[in-house]
Amino acid sequence: MTKPFQPPSRILMGPGPSDVHHRVLSAMARPTIGHLDPQFIVMMDQVKAMLQQAFFTDNALTLPVSGPGSAGMEACFVNLVEPGDTVVVCVNGVFGGRMKENVERCGATAVVVEDDWGKPVDLEKAEAALKAHPGAKALAFVHAETSTGVESDARSLCELAREHGALSIVDAVTSLGGIPVLVDHWGADAVYSGSQKCLSCTPGLSPVTFSDRAVEVLKTRKTKVQSWFLDFSLLTAYWGGGAKRAYHHTAPINALYGLHESLVMLHEEGIEHAWTRHSMMHQALLAGLEVMGLGLLVEPSARLPQLNAVLVPDGVDEAAVRARLLAEHGLEIGAGLGALAGKVWRIGLMGQSATPHHVTTCLSALEAALIAQGMTLAPGAAAAAANRLLLV
Ligand SMILES: *Cc1c(COP(=O)(O)O)cnc(C)c1O
């Protein structure tokens with residue numbers, strides 16, 4: 001208790017956090033300076049500019065909220081939704097359910113469009129809900145459902161919202177950095193992400209961006225934003241740009257050094273290359289899973305490369321497999337959530353955890369654990385199948 005905590009060495013291949021590069025960790029160990037120091041303000045402006053690039057947006061209101069992805073989610077809802085509003089919420093997994101909870105806590109009515117876990121949001125059902133509720137303030141959905149490994153069609157959903165005079169509120173926590181998040185191209189209005197998924201930074205920061213349309217809605221609210229801490233009309237006085245900054249709260253200085261470094265690394269690689277890398281590692285993982293006779297929950301057209309929900313074979317103790325991976329290999333993968341508990345493993349290939357080394361290590365470890373569970377598998381075959389793809 002009174003000794004320093006030394007974390008064990010781990011390979012993080014769950015639903016987040018992903019492995020954090022030593023460059024990011026070293027950046028976070030640099031000296032703390034004042035959050036109104038002119039040099040710190042220069043760094044903040046760079047973070048903002050790099051986030052605009054990553055989100056493919058010119059939105060002036062683009063900033064990292066001081067808090068995890070859940071804080072970014074809450075920020076979008078509390079700033080845009082007022083008591084008495086109606087919001088159409090698409091729910092096809094855990095995080096859509098949390099959006100509904102946010103809407104209701106804002107004193108608004110959530111009209112839920114439900115889809116099966118493992119399926120993308122159904123566009124026709126979303127459209128029908130918008131038609132049935134013509135005054136709806138917003139359409140909210142999760143772009144990359146981390147609980148199931150499903151990608152929904154963000155571009156079409158944002159278009160639908162716009163056609164019906166509603167704002168779009170998009171969860172891009174798991175998508176940013178792993179697959180395209182094209183905010184301006186989609187015409188998305190409020191988009192939030194997280195630092196610890198495909199950006200491979202430490203947890204605790206949530207990049208958020210608001211379109212001019214969303215800013216206008218914020219400016220013309222009838223009521224004050226329920227949350228003082230997350231009120232963007234106050235926060236933008238701090239993050240608003242230029243040298244004139246007003247104190248709002250003390251920014252998490254060193255955490256922002258980390259985010260800055262992870263964005264520099266993304267910039268060095270090129271975000272398009274990062275997308276390709278995620279896709280290639282996903283294909284390699286799939287090749288190895290197939291050799292072991294393991295299938296994915298999600299149909300090929302809606303699969304996220306960065307989150308693979310693998311069906312647990314009959315007769316296999318899924319918790320024992322995860323425990324063995326952690327104990328024997330220091331490898332963390334995720335369990336199923338909610339309706340999928342006990343039915344799937346969630347293998348993350350996010351950011352720094354999307355490398356050939358991660359793919360082959362995971363396949364070999366999983367193969368050994370399944371053999372220990374009594375499955376008949378040829379040792380080494382899974383990683384070999386992945387390597388065949390990785391070599392070309
Ligand atoms: C991880 C995640 C969140 C929540 O992020 P935290 O940093 O854990 O608060 C929200 N939405 C999705 C889709 C996520 O994957």
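Residue numbers count from 1 along this sequence. Note: hydrogens, waters and symmetry copies are ignored here, and every other heavy atom, side chains too, is used. Remember, it's 1-based here, ligands and their atoms both numbered in the order they're listed.
Judged by distance alone, the side chain of T361 and the main-chain N or O of H358 form no donor-acceptor pair under 3.5 Å.
Contact atoms of ligand 1 toward P68: 6 (P), 7 (O), 9 (O) (distance under 4.0 Å to a heavy atom of the residue). Near T146, with a cut-off below 4.0 Å to any heavy atom, the atoms of ligand 1 are 12 (C), 13 (C), 14 (C), 15 (O).
Counting heavy-atom neighbours within 6.0 Å of R10 CZ, excluding the residue itself, gives a total above 12. With a 6.0 Å radius and a threshold of 12 heavy atoms from other residues, nucleotides or ligands, H185 has its NE2 atom at or below the threshold.
Between Y238 and H35, the ring-plane angle classifies as tilted under the 30° and 60° cut-offs.
Annotation: D171 places an N or O atom under 3.5 Å from an N or O atom of ligand 1; distance criterion only. Remark: ligand 1 and G69 share an N or O pair separated by less than 3.5 Å (distance only, no angle test). Looking at R98 next to ligand 1, no N or O pair under 3.5 Å apart turns up. Looking at ligand 1, you'll find an N or O of T174 within less than 3.5 Å of one of its N or O atoms.
Only the side chain of Q196 comes within 4.0 Å of ligand 1, judged by heavy-atom distances. Contacts with ligand 1 closer than 4.0 Å are made by backbone heavy atoms (N, CA, C, O) of A144 only, the side chain lying farther away.
Within the 6.0 Å centre-distance limit, the rings of F56 and W275 are counted as a close aromatic pair.
In this structure, the protein non-hydrogen atom closest to atom 14 (C) of ligand 1 is K197 NZ, 3.1 Å. Atom 9 (O) of ligand 1 has S70 OG, 2.5 Å as its closest protein atom, hydrogens excluded (heavy atom only). Given atom 10 (C) of ligand 1, the protein heavy atom at minimum distance is F95 CD2, 3.3 Å.
Taking all atoms of both residues into account, the shortest heavy-atom contact from V24 to S200 is CG2-O, 4.4 Å.
Salt-bridge annotation for D45 and R245: present, with a side-chain N of the basic residue lying under 4.0 Å from a carboxylate O of the acidic one. At a threshold of 4.0 Å, the pair K100-E104 counts as salt-bridged, since one of the basic side-chain nitrogens sits closer than that to a carboxylate oxygen.
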